[in-house]
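Encoded as structure tokens, here's the structure I'll be asking about.
Atoms within a ligand are numbered from 1 in the order they appear, just like the ligands themselves. In what follows, every heavy atom counts, from backbone to side chain, and hydrogens, waters and symmetry copies are set aside.
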Amino acid sequence: MEYSDRLKKLPVQFFASLVEKVNKAKAEGRDIINLGQGNPDQPTPAHIVRALQSAAEDPEMHQYSPFRGLQELKNAAAEFYQREYGVEIDPNTEVAILFGTKTGLVELPMCLLNEGELMLLPDPGYPDYLSGAVLANVQYELFPLKAENQFLPDYEAIPSGQVEAAKLMYLNYPNNPTGATADLAFFEETVAFAKEHNISILHDFAYGAIGFDGKKPTSFLQAEGAKDIGVEMYTLSKTYNMAGWRVGFAVGNAKIISALNLIQDHLYVSLFPAIQKAAVAALTEEQQCVEELVSRYENRRNALMDVCHSIGWNAEAPTGSFFAWLPVPNGFTSEEFADFLLEKADVAVAAGKGFGEYGEGYVRVGLLVDEERLVEAIERIGKTEVFK
Ligand SMILES: Cc1ncc(COP(=O)(O)O)c(C=O)c1O
């Protein structure tokens, strides 16, 4: 039996080998501090767990969900956007419930592009964007995110042939992996660019809650006209530490939302209704848990930047997300440096190259362990010959 060409073309998981190396080192009894992953370390807030528990007791919740999800959850998503971003969303036509946003990101090229058509993706970027392009059998071109542009795309620099041919573009701020954020002016520029060239936009707002220094991240939908050309995807994975629950949603342009709902009618019967009920609780009940989480990440970020500075590892502090993007010292590739840190300091980081060519020269460090462990990790790195 042969697999399909489509499956064979799927990108190889760059970080699988990191996971293997970390597991091997741990099996040898070494005390590895793993800063390489993106899995939130805190538990889901108790009131959300309780909402799941009580919903799971209700036999009605054991039946199939309505095809496109519970109306209550769509209403909650609309209420959330109004409350958090002042953005008006019609819960009936402008919300699609997703099994985590990863599925939505992967489905969208299949919804909007014919085989061989072109989409534009950020480099560095979240690796699963490529999976969607390959599964839909479409072409993609990468546009660079450079430090000199605060890791925002330079639309002028994208070759005009690509701009004219592209039908879809993905953006993600606060950004994984760079920790950069975008402001309203950038999203307004994006809307103008997209309208001029007839490109649909997906803004991946996975880290929408996580902004530092008192600056709440900007929603793409806050830009005037954004809904005319795009959607934003929001996940509960990060804001409410619900990564394992698999729940998120897309909001925005009704035609794109309708396409996502249509493809999902054929793939799923929406999520376990009890999880949808718990998601309603997350989005509409107390939000103090989110404030506490963001200040926890901010404290970790500050501790990380201080200790990096103290060993002479100078880097820009991230303004959002739970990642820091740290420069690789001279003489190493990002992969070599990640291997070196694992070998010499028992610290795992993600090599920037795994996020694309323009990720070379950096490693990504997650703020996903306690402050003490984070500081210990960098102190260990400070004792290696590179920083001594
Ligand atoms: C940038 C980005 N987008 C999307 C996701 C997917 O999130 P989920 O599928 O849990 O909603 C992640 C998860 O790490 C991410 O970092």
Side-chain angles (χ1 to χ4, degrees), residues 11 13-16 18-19 34-42 44 48 69 73 77 80 95-109 121-133 135 142 145 151-153 169-182 201-211 217 219-220 230-251 260 264 267-268 270-272 275-276 278-279 282-283 293 297 318-325 350 352 354-356 359 364-368:
Q13 240 296 356
F14 182 89
F15 293 108
L18 173 70
V19 172
N34 190 350
L35 308 179
Q37 290 177 338
N39 214 342
D41 62 309
Q42 294 297 301
T44 306
I48 303 172
L73 179 51
F80 175 85
V95 181
I97 293 167
L98 304 170
F99 271 90
T101 47
K102 173 174 164 139
T103 53
L105 300 165
V106 171
E107 287 160 4
L108 195 60
L121 295 172
D123 176 0
Y126 181 56
D128 290 1
Y129 299 154
L130 302 175
S131 315
L135 285 176
L142 302 169
L145 306 181
F151 300 107
L152 297 170
M169 179 165 75
Y170 281 17
L171 294 168
N172 161 229
Y173 295 96
N175 185 255
N176 176 9
T178 66
T181 47
I201 303 290
L202 165 75
H203 182 236
D204 176 359
F205 206 27
Y207 300 91
I210 310 172
S219 160
F220 168 65
V231 292
E232 184 158 86
M233 289 190 187
Y234 195 95
T235 178
L236 278 72
S237 297
K238 323 285 173 177
T239 309
Y240 302 103
N241 297 321
M242 292 171 71
W245 298 51
R246 314 309 304 132
V247 51
F249 54 88
V251 279
L260 286 166
Q264 297 201 142
L267 290 170
Y268 325 105
S270 202
L271 290 67
F272 177 30
I275 287 188
Q276 297 188 59
L283 294 168
L293 185 67
Y297 289 140
T319 49
S321 85
F322 48 52
F323 298 113
W325 191 233
F355 302 96
R364 191 192 73 177
V365 163
L367 304 171
L368 301 170

For Asn172 against Tyr129, the heavy-atom pair lying closest together = CB-OH, 3.2 Å

Any nitrogen or oxygen of Arg246, main chain or side chain, under 3.5 Å from a nitrogen or oxygen of ligand 1?
-> yes

Ring pair (Phe, Tyr, Trp, His ring centres under 6.0 Å) partner of Phe99, chosen from Phe272, Trp245, Tyr268 | Tyr268

For ligand 1, which atoms have a heavy atom of Thr235 less than 4.0 angstrom away?
-> 8 (P), 10 (O), 11 (O)

Is it true that Lys238 lies under 4.0 Å from ligand 1, counting heavy atoms only?
-> yes

Would you mind telling me which of Thr235, Val106, Asp128, Leu236 makes a side-chain contact (heavy atoms from CB on, under 4.5 Å) with Thr101?
-> Thr235

Pull out every atom of ligand 1 sitting under 4.0 Å from any heavy atom of Ser237, numbered as shown with elements.
-> 8 (P), 10 (O), 11 (O)

May I ask whether Phe99 has any heavy atom positioned less than 4.0 angstrom from an atom of ligand 1?
-> no

For ligand 1, which atoms, with element, lie under 4.0 Å from some heavy atom of Asp204?
-> 1 (C), 2 (C), 3 (N), 4 (C)

N/O separation below 3.5 Å, Asn172 to ligand 1 = no

Element-labelled atoms of ligand 1 that are located less than 4.0 Å from some non-hydrogen atom of Gly100 | 9 (O), 11 (O)

Do the side chain of Arg364 and the main chain of Thr178 share a donor and acceptor less than 3.5 angstrom apart?
-> no

Is Thr101 touching ligand 1 with its side chain, its backbone, both, or neither, if touching means heavy atoms under 4.0 Å apart?
-> both

For the residue pair Phe15 and Phe355, does the interplanar ring angle fall in the parallel (under 30°), tilted (30 to 60°) or perpendicular (over 60°) class?
-> tilted

OH-CG distance between Tyr126 and Asn175, expressed to the nearest 0.5 angstrom = 13.0 Å

Atom 16 (O) of ligand 1 has as its nearest protein heavy atom Tyr207 OH, 2.7 Å

Which of parallel (below 30°), tilted (30 to 60°) and perpendicular (above 60°) describes Phe220 and His203?
-> tilted

Look at ligand 1 and say whether Leu105 reaches it with a heavy atom at a distance under 4.0 Å.
-> yes

